[in-house]
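Reading through the structure tokens given below for one structure.
Lettering of chains follows the sequences in order, A, B, ..., and the numbering in each one begins at 1. Note: hydrogens, waters and symmetry copies are ignored here, and every other heavy atom, side chains too, is used.
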Amino acid sequence: CLPICRQAEGTGVFSPKLTGDLFSADLNPRWRRPLAAPLEPDLDTLIFQQIDLDYYLAPPQPGYQSGNVPIIRMFGVTDSGNSVCCHVHGFAPYFYVPAPNGFTSDHLSEFKRELNSVVLKDMRSNKDNISVTVLAVDITRKESMYGYHGKQISDFLRITMAMPRLIAPAKRLLELGFRFGTFPMQNYSTYEANIDFEIRFMVDSGVVGCCWIELPKGTYRVSLCQYEVDVGWTQLISHPAEGEYQRIAPLRVLSFDIECAGRKGIFPEADKDPVIQIASMVQRQGEKEPFIRTIFTLQSCSSIVGSQVLCFTKENQLLQSWAEFLRTVDADIVTGYNIQNFDLPYLLNRAATLKVNMFPYLGRVRGIKSVLRDSNFQSKQMGRRENKILNMEGRVQFDLLQVLLRDYKLRSYTLNAVSFHFLQEQKEDVQHSIITDLQNGNEQTRRRLAVYCLKDAYLPLRLLQKLMCVINYMEMARVTGVPLTYLLSRGQQIKVVSQLLRQAMKQGLVMPVVKIEGGEDYTGATVIEPEKGYYSVPIATLDFSSLYPSIMMAHNLCYTTLLQKGSAVKLGLSPEEFIKTPTGDHFVKSSVRKGLLPDILEDLLSARKRAKAELKKETDPFKKQVLDGRQLALKISANSVYGFTGAQVGKLPCLEISQSVTGFGRQMIEQTKQLVESKYTLSNGYPADAKVIYGDTDSVMVKLGVDTVSKAMEVGREAAEWVSSHFIPPIKLEFEKVYYPYLLINKKRYAGLYFSSSAETHDKMDCKGIETVRRDNCTLVANLINTCLQTILIDRDPQGAVAHAKEVISDLLCNRIDISQLVITKELTRTAQEYAGKQAHVELAERIRSTCWRTTFPLTHSTTWNSSCPSHCSGSSMSVHGCPSLLA
DNA sequence: GCCAATGCCTAA
DNA sequence: TAAGTTAGGCATTGGC
């Protein structure tokens with residue numbers, strides 16, 4: 001009676017019997033997974049790496065209540081490369097409410113009966129014919145994690161519901177006001193009623209994203225082949241990602257790309273324009289090259305060395321065959337470039353248009369149709385993002401474009417630009433406009449198209465490998481405990497929630513549901529007023545490493561240590577037992593209670609230290625990658641904990657924590673400045689009076705009065721250590737680098753030659769906030785400014801920089817510059833379109849000319865910043881118009 | 001011409 | 001339903 005997970009290997013509904021031409025005749029045995037050795041539940045242990053996890057509803061096993069129950073479904077792969085679908089039974093969703101006064105176990109059944117009844121009554125339609133909504137109500141001893149209240153453990157009701165989707169109405173009804181038995185009407189606060197079911201299960205069973213799962217012999221039963229198993233939720237063993245369990249199974253990664261024969265000048269539309277080619281590459285995770293390269297083409301196509309060409313005379317056969325190919329290959333991870341919003345939706349819509357009814361079953365669960373949905377994702381970090389969503393149970397959709405949009409700030413996100421940026425490699429050059437002509441040509445022209453299409457399937461694999469995306473994402477999933485898919489589909493908060501719940505559970509703490517109401521913003525970090533100018537002396541930079549995490553650890557800032565107004569007195573705490581933060585908030589010290597957040601942060605940062613130590617020892621390049629991915633994931637995770645507490649539209653905001661953190665930070669940067677400037681003085685025997693010329697949040701830039709980089713490094717190191725001793729561990733100020741020379745333009749805008757690894761040669765030219773690093777400028781501006789900066793900092797020739805700027809601007813005025821260099825911002829693009837053709841160039845040139853000069857002039861005249869700027873072109877409105885002589 | 005508000009993107 | 005934070009520069013725009 002359970003749904004059955006099967007990949008299509010010539011059985012079941014997806015018979016690879018030919019629907020016309022070609023497919024089964026060319027079926028390549030390599031496409032299939034390796035044969036699965038027989039599994040004896042009584043003798044064999046089954047171990048696999050879990051890569052995706054969801055749940056479905058199904059009738060319960062005999063002996064349980066009526067109505068459907070949720071069953072967790074884990075997908076994974078064994079060491080031998082066999083796929084596993086593991087149905088985990090017996091786990092039900094639940095949440096907590098505080099037990100009302102006078103509540104005893106005698107009241108449980110009445111509470112349960114009444115809650116069940118109001119939830120049933122609340123349902124508008126009951127098409128699933130649910131008769132029992134509340135499965136159980138139990139009394140447990142718990143404590144709210146929000147606020148310190150003397151470790152008062154009290155009675156909570158743990159309410160277990162029949163299905164995840166019943167949690168929300170039960171929560172709402174209890175919050176609105178609920179009455180049972182002789183107890184009065186009461187508004188209940190709820191705890192953990194907003195936790196995704198998958199996360200709930202993972203937290204409770206110690207499963208983290210992408211971890212290895214062991215089913216001991218005798219605990220599971222096998223239903224069909226390639227390891228489809230059933231197990232009780234308390235019987236599976238989840239292995240922490242340590243030692244041998246850091247490894248990654250030989251996952252099958254499929255990358256694909258489609259080509260459509262669009263009409264001239266019109267973006268292809270699935271209800272009109274045919275799919276003419278689909279290229280696919282399959283690679284085992286960890287191997288260097290794909291072991292399957294295929295191209296499905298409409299009409300004949302000449303052969304291509306190293307690739308299998310499959311030609312179809314009818315488009316519907318091409319589509320159906322490709323779907324069968326996907327199911328046969330049984331990919332664990334599906335990738336490509338913009339497959340999420342283009343290729344997959346297009347294929348699905350096209351298949352619907354052509355009525356290829358067997359197409360839209362792309363997941364690993366038989367009988368589940370893949371359907372398209374629209375999703376609207378919005379966050380302050382990423383803005384509004386509209387995406388298509390397609391369900392593909394058991395396969396992780398890992399669209400490279402989405403990964404890049406999340407993790408990299410690039411000027412262009414075309415596959416061509418991205419390939420060039422990361423691989424120094426270009427796409428095959430085929431203009432979109434000639435695709436249809438190539439298709440309508442002969443088998444040679446279609447071959448040219450196929451080569452192009454294959455490359456577009458290959459490049460995402462190369463990029464994935466180069467950027468170590470799969471490894472890094474897996475490590476992030478393991479570190480934070482969320483499923484891999486959450487990392488691409490959800491925001492930052494869920495990662496912290498997952499960790500918080502795990503930590504809280506250990507201490508019997510429960511997480512409240514807080515309602516969201518927009519409040520006042522709080523004060524952030526200090527930016528020290530810069531002493532603008534050009535410095536031809538070494539400037540040492542000292543940074544607090546992981547400032548916000550270390551503040552939270554040093555001062556034990558947490559939900560569980562926060563003292564509400566007046567509660568210090570009420571709880572009889574002595575002044576030594578709590579602290580007052582710079583914002584006037586109170587927190588108990590770790591001697592009273594150690595906070596959850598400091599615990600999480602310590603775990604993350606000590607794990608990071610371990611990973612870095614292991615990384616140093618490791619010689620195997622593959623394991624090195626894993627470890628590097630891990631240390632990165634750990635760092636990012638630690639840094640996002642602070643943001644989580646300050647997210648007012650979030651799961652558990654606590655501004656007392658976040659504003660205390662920034663408050664401490666402000667105090668510390670100020671104190672650092674004072675300390676450095678008070679010790680490093682002439683009168684203390686140092687070469688000069690040190691001066692902090694700039695600082696932002698966690699760093700200070702110091703002019704120490706020394707004349708060489710190596711001296712600046714030496715004094716910088718000493719100063720960092722000395723200043724550190726004034727702060728509570730693990731707060732630590734570190735010497736980071738020396739800038740020499742250093743050009744300080746404004747707050748958050750500076751450039752300098754960066755010395756860190758050696759005192760003799762600079763590592764790079766470092767630019768912050770200047771047009772060269774901003775993506776709202778055209779490349780011409782960025783290049784011009786970059787060259788000017790190099791001329792100033794490396795050649796130390798400000799006059800040369802001015803000369804260069806003049807030359808470029810003169811080229812611009814004389815139409816000697818390619819228009820493609822000018823267009824980049826939305827603003828300018830629009831202008832280019834409006835003035836399409838001849839006018840555009842003039843218009844753009846004019847705008848860019850003024851931008852270039854406005855930016856370049858302050859750079860090149862920074863030595864004389866506050867004194868001798870000519871009066872006729874001073875101030876921000878200075879432009880070439882007002883300064884004609886400068887253009888000569 | 002001055003200004004505040006807004007949009008965009010970055011620093012940390 | 002879900003959505004990390006604030007500080008801050010600079011171009012543009014629109015009102016006066």
Side-chain angles (χ1 to χ4, degrees), chain A residues 164-165 167-168 171-172 194-196 199 373 375-385 387 389 406 409-411 480 486 489-497 516 518 520-530 532 541 543-549 636-655 657-663 665-666 669 694-701 736 745-751 766-777 781 824-828 830-831 847-848 850-851 854-855 858 875-879 882:
Chain A
R165 69 172 168 82
I167 296 261
K171 161 181 175 285
R172 179 168 43 81
N194 54 353
I195 308 300
D196 301 280
I199 296 290
R373 283 180 299 142
S375 93
N376 234 328
F377 184 93
Q378 190 175 351
S379 85
K380 271 193 196 166
Q381 181 179 239
M382 292 182 293
R384 176 173 285 129
R385 213 160 265 185
N387 279 318
I389 292 187
R406 271 186 184 248
K409 297 214 165 285
L410 304 173
R411 281 178 173 270
T480 59
Y486 276 35
S489 65
R490 303 280 294 268
Q492 302 293 326
Q493 297 208 36
I494 189 64
K495 297 193 273 187
V496 182
V497 169
I516 295 156
E520 293 281 284
D521 282 357
Y522 60 93
T523 313
T526 298
V527 183
I528 294 174
E529 194 57 44
K532 300 173 198 173
T541 304
D543 287 37
F544 285 104
S545 54
S546 302
L547 177 70
Y548 288 175
I636 296 170
S637 303
N639 284 333
S640 58
V641 171
Y642 150 75
F644 175 79
T645 66
Q648 295 185 53
V649 187
K651 276 258 158 73
L652 197 59
C654 181
L655 297 200
I657 297 175
S658 25
Q659 70 183 3
S660 293
V661 169
T662 57
R666 291 193 297 275
I669 195 171
Y694 180 55
D696 185 346
T697 310
D698 61 353
S699 63
V700 286
M701 276 64 164
E736 267 263 318
I745 298 165
N746 212 335
K747 283 183 175 176
K748 300 188 190 284
R749 286 167 71 83
Y750 61 81
D766 204 19
C767 301
K768 290 290 156 74
I770 303 171
E771 277 69 9
T772 51
V773 297
R774 292 184 63 93
R775 296 174 301 166
D776 51 0
N777 282 274
V781 171
I824 174 107
T825 66
K826 281 172 210 152
E827 182 63 28
L828 292 177
R830 185 160 51 76
T831 312
R847 298 177 79 140
I848 288 169
S850 58
T851 307
R854 255 202 306 270
T855 328
S876 61
S877 60
M878 196 273 311
S879 75

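In this structure, A:Arg172 contributes its side chain and A:Ile167 its backbone to no donor-acceptor pair below 3.5 Å. Here the side chain of A:Gln493 pairs no donor or acceptor atom with the backbone of A:Leu652 at under 3.5 angstrom. Formation of a donor-acceptor pair under 3.5 Å by the A:Arg749 side chain with backbone atoms of A:Gly769 is found in this model.
The residue A:Val641 sits apart from the nucleic acid: no heavy atom pair falls under 4.0 Å. A:Ile516 comes within 4.0 angstrom of a nucleotide base, judged by non-hydrogen atoms across all strands. Looking at heavy-atom distances under 4.0 Å, A:Tyr486 makes no contact with the nucleic acid at all. Among the atoms of the strands shown, base atoms are found under 4.0 Å from some heavy atom of A:Arg774. If you check every strand for non-hydrogen atoms under 4.0 Å, A:Tyr548 touches nothing. Across all strands shown, A:Asp196 has heavy atoms under 4.0 Å from sugar-phosphate atoms exclusively, and none from any base. Among the atoms of the strands shown, only primed sugar atoms or phosphate atoms (P, OP1, OP2) are found under 4.0 Å from some heavy atom of A:Thr523. Counting any heavy atom pair closer than 4.0 Å across all strands shown, A:Gly643 reaches a base atom. The residue A:Lys747 sits close only to the backbone: its heavy atoms come under 4.0 Å of sugar-phosphate atoms, none of a base. Nucleic acid contact for A:Val649: base, since at least one base atom lies under 4.0 Å from a heavy atom of the residue.
At least one side-chain nitrogen or oxygen of A:Tyr750 sits closer than 4.0 Å to the OP1 or OP2 atom of B:dA12. The side chain of A:Asn639 contributes no N or O atom lying less than 4.0 Å from OP1 or OP2 of C:dG4. Under 4.0 angstrom from either OP1 or OP2 of B:dT10 there lies no side-chain N or O belonging to A:Lys768.
When the ring pair (Phe, Tyr, Trp, His ring centres under 6.0 Å) test is applied to A:Tyr750, the partners found at least two apart in sequence or on another chain are A:Tyr694, A:Tyr739, A:Tyr742.
The interatomic distance linking A:Asp766 (CG) with B:dT10 (C1') rounds to 14 Å, in whole Å. If you measure from atom NZ of A:Lys495 to atom C1' of C:dA2, you get 15 Å, rounded to the nearest angstrom. Going from atom CZ of A:Phe544 over to atom C1' of B:dA11 covers 17 Å, rounded to whole Å. Atom pair A:Asn777:CG and C:dG9:P shows a separation of 17 Å (rounding to whole Å applied). Distance A:Ile669 CD1 to C:dT6 C1': 14 Å, rounded to the nearest Å.
Checking C:dA3, C:dT5, B:dC8 against every side-chain atom of A:Tyr642, the shortest atom distance belongs to C:dT5. In this structure, of B:dA11, C:dA2, C:dA7, it is C:dA2 that holds the atom nearest to the side chain of A:Arg490. For A:Thr697, taking side-chain heavy atoms from C-beta onward, the closest of the listed nucleotides B:dA12, B:dT10, C:dA2 is B:dA12. Of the candidate nucleotides C:dG4, B:dT10, C:dT6, B:dT10 has the atom nearest to the side chain of A:Val773. Checking C:dG8, C:dA2, B:dC8 against the side-chain heavy atoms of A:Asp776 singles out B:dC8 as nearest.
With both ends at atom P, the span from C:dG4 to B:dA12 equals 23 Å, rounded to whole Å.
The only option from A:Lys748, A:Lys768, A:Lys747 that meets the salt bridge (charged side-chain N to carboxylate O under 4.0 Å, His left out) definition with A:Asp696 turns out to be A:Lys748.
Residue order along DNA chain C, read from the 5' end via each residue's closest nucleotide, puts A:Ala525 first among A:Arg749 and A:Ala525.
Of the charged side-chain nitrogens involved, at least one lies within less than 4.0 Å of a carboxylate oxygen, so that A:Asp196 and A:Arg490 count as a salt-bridged pair.
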